[in-house]
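Chain naming here is simple, since letters A, B, ... match the order of the sequence lines and numbering starts at 1 in each. Just so it is clear, the model here is predicted, and its values are computed rather than measured.
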Number of protein chains: 2
Amino acid sequence: MVMKKRNFECAPGCSIEAALAPIDGKWKGVILFHLLEKTYRFNELQRKLNSRVTQRMLVKQLRELEEAGMVERKVYAQVPPRVDYSLTEEGRSLEPVLRALWSWGTDWMARNPDKQAKTAA
Amino acid sequence: MVMKKRNFECAPGCSIEAALAPIDGKWKGVILFHLLEKTYRFNELQRKLNSRVTQRMLVKQLRELEEAGMVERKVYAQVPPRVDYSLTEEGRSLEPVLRALWSWGTDWMARNPDKQAKTAA
DNA sequence: CTGAATCCAATCGGATACTG
DNA sequence: CAGTATCCGATTGGATTCAG
């Protein structure tokens, strides 16, 4: 996605856009999905994403999710630092959406085993 | 969303990304949702989107959806031209996802009547 | 370990004008 | 009606380096 700031602006009545907003961005959907399972630290998340995401992007996406109220960021005053990311209640409310996405994606991948080799090699 | 070409490339096992691909783009989700209801002509769709989308973008999104196999484009040899857009079976399989999105978006808008004024004025 | 800062190419997406 | 063509600012997202 990609828009001026899609901070949930939305034409009156356009629920789809509102729902798309928080999961828009290259990694947000996946991040939210993983957080559904448990709280993660920064680089646990990065590993979960198969390290295909750069720090810069992961930080950015997490910040946006935080700002949107979907994710909570808890910083521990330690050295070395530790930051936990977890879903807020709001974020957790996305569960049905994320499950629907996961389900469709799983089926789709089963139907199209060819179109996703790229990273498999 | 927004990526090099996210042609459904996806890390092995990442269903979420696969599912996000077809609905990524500023208007795709909404377009698909509308097509769920019925077949639409080009500018019927544009009106459905409250004319907030430019021709250029609508064309582009539709082309991508077509290429992804989600939407079928039927051209009638007429003057003036007529082009019908409808969901393919593949596209229709997204229905549960779209409904989940719609549902969440509707709830969200009810919870946050403030954050969506922008276009309402 | 969890970032922030900088640089940069590519893409996105709007505005506008034109066409069969 | 359903596009195409062009221009252009804004955003995306990767790579790399630095820091507390």
A.B. asks: Could you tell me which non-hydrogen atom of A:Ser15 sits nearest to which non-hydrogen atom of B:Met109, and how far apart they are?
C.D. replies: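 So the minimum-distance heavy-atom pair works out to CA-SD, 3.8 Å.
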A.B. asks: Let me know the distance between CD of A:Gln61 and P of D:dG13, rounded to the nearest Å.
C.D. replies: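 Between P of D:dG13 and CD of A:Gln61: 6 Å.
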A.B. asks: Expressed as a whole number of angstroms, how long is the span from B:Met57:CE to D:dT4:C1'?
C.D. replies: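 To the nearest whole Å, that distance equals 15 Å.
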A.B. asks: D:dA2 P sits how many Å from B:Arg82 CZ, rounded?
C.D. replies: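 Answer to the nearest Å: 9 Å.
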A.B. asks: Does D:dC1 have OP1 or OP2 under 4.0 Å away from a side-chain N or O of B:Tyr85?
C.D. replies: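 B:Tyr85 to D:dC1 OP1/OP2: no side-chain N or O under 4.0 Å.
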A.B. asks: Please tell me if A:Lys60 has a side-chain N or O lying less than 4.0 Å from either OP1 or OP2 of D:dG13.
C.D. replies: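 A:Lys60 to D:dG13 OP1/OP2: no side-chain N or O under 4.0 Å.
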A.B. asks: Output yes when a side-chain donor or acceptor of A:Ser103 lies under 3.5 Å from a complementary backbone atom of A:Ala100, and no otherwise.
C.D. replies: no
A.B. asks: Going by an N to O cut-off under 4.0 Å, is there a salt bridge joining A:Glu95 and A:Arg99?
C.D. replies: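 Salt bridge: yes.
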A.B. asks: Quick one: CD on B:Glu67 to CG on B:Leu62, what's the gap to the nearest 0.5 Å?
C.D. replies: 13.0 Å
A.B. asks: Please check the phosphate of C:dG3 (OP1 and OP2 only) for any side-chain N or O of A:Arg73 closer than 4.0 Å.
C.D. replies: yes
A.B. asks: Could you give the CG-to-C1' distance, from A:Leu62 to C:dA4, as a whole number of Å?
C.D. replies: 15 Å
A.B. asks: Can you give me the closest heavy-atom contact between B:Glu72 and B:Thr88, atom names plus distance?
C.D. replies: N-CG2, 3.8 Å
A.B. asks: Could you tell me the separation between the CD atom of B:Gln78 and the C1' atom of C:dG20, rounded to a whole number of Å?
C.D. replies: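 Whole-Å distance recorded here is 14 Å.
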A.B. asks: From CD of B:Glu44 over to C1' of D:dA2, roughly how many Å is that when rounded to an integer?
C.D. replies: 13 Å
A.B. asks: Give the rounded distance in Å between these two atoms: CG of A:Leu45 and P of C:dC1.
C.D. replies: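 The answer, rounded to whole Å, is 14 Å.
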A.B. asks: What closest approach, in Å, do A:Tyr40 and A:His34 show between heavy atoms, and which atom pair accounts for it?
C.D. replies: CE1-O, 3.3 Å
A.B. asks: Can you tabulate the close N/O pairs, meaning under 3.5 Å, that link protein atoms to atoms of nucleotides 16-20 of chain D?
C.D. replies:
none

A.B. asks: Looking at A:Pro22 and A:Lys28, what are the two nearest heavy atoms and their distance?
C.D. replies: O-CD, 3.3 Å
A.B. asks: Excluding sequence neighbours, so at least two apart, what forms side chain to side chain contact (heavy atoms under 4.5 Å, CB included) with B:Gln55?
C.D. replies: B:Phe42, B:Gln46
A.B. asks: Rounding to a whole Å, what distance do you find between A:Leu58:CG and D:dG13:C1'?
C.D. replies: 13 Å
A.B. asks: For C:dC1, take OP1 and OP2 only and decide whether either is under 4.0 Å from a side-chain N or O of A:Arg41.
C.D. replies: no
A.B. asks: To the nearest 10°, let me know how far the axis at one end of the helix from C:dC1-D:dG20 to C:dG20-D:dC1 is tilted from the axis at the other, five pairs an end.
C.D. replies: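 Taking the rotation axis at each end, their angle is 50°.
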A.B. asks: Do the side chains of B:Arg63 and B:Glu66 get nearer than 4.5 Å, heavy atoms only?
C.D. replies: yes
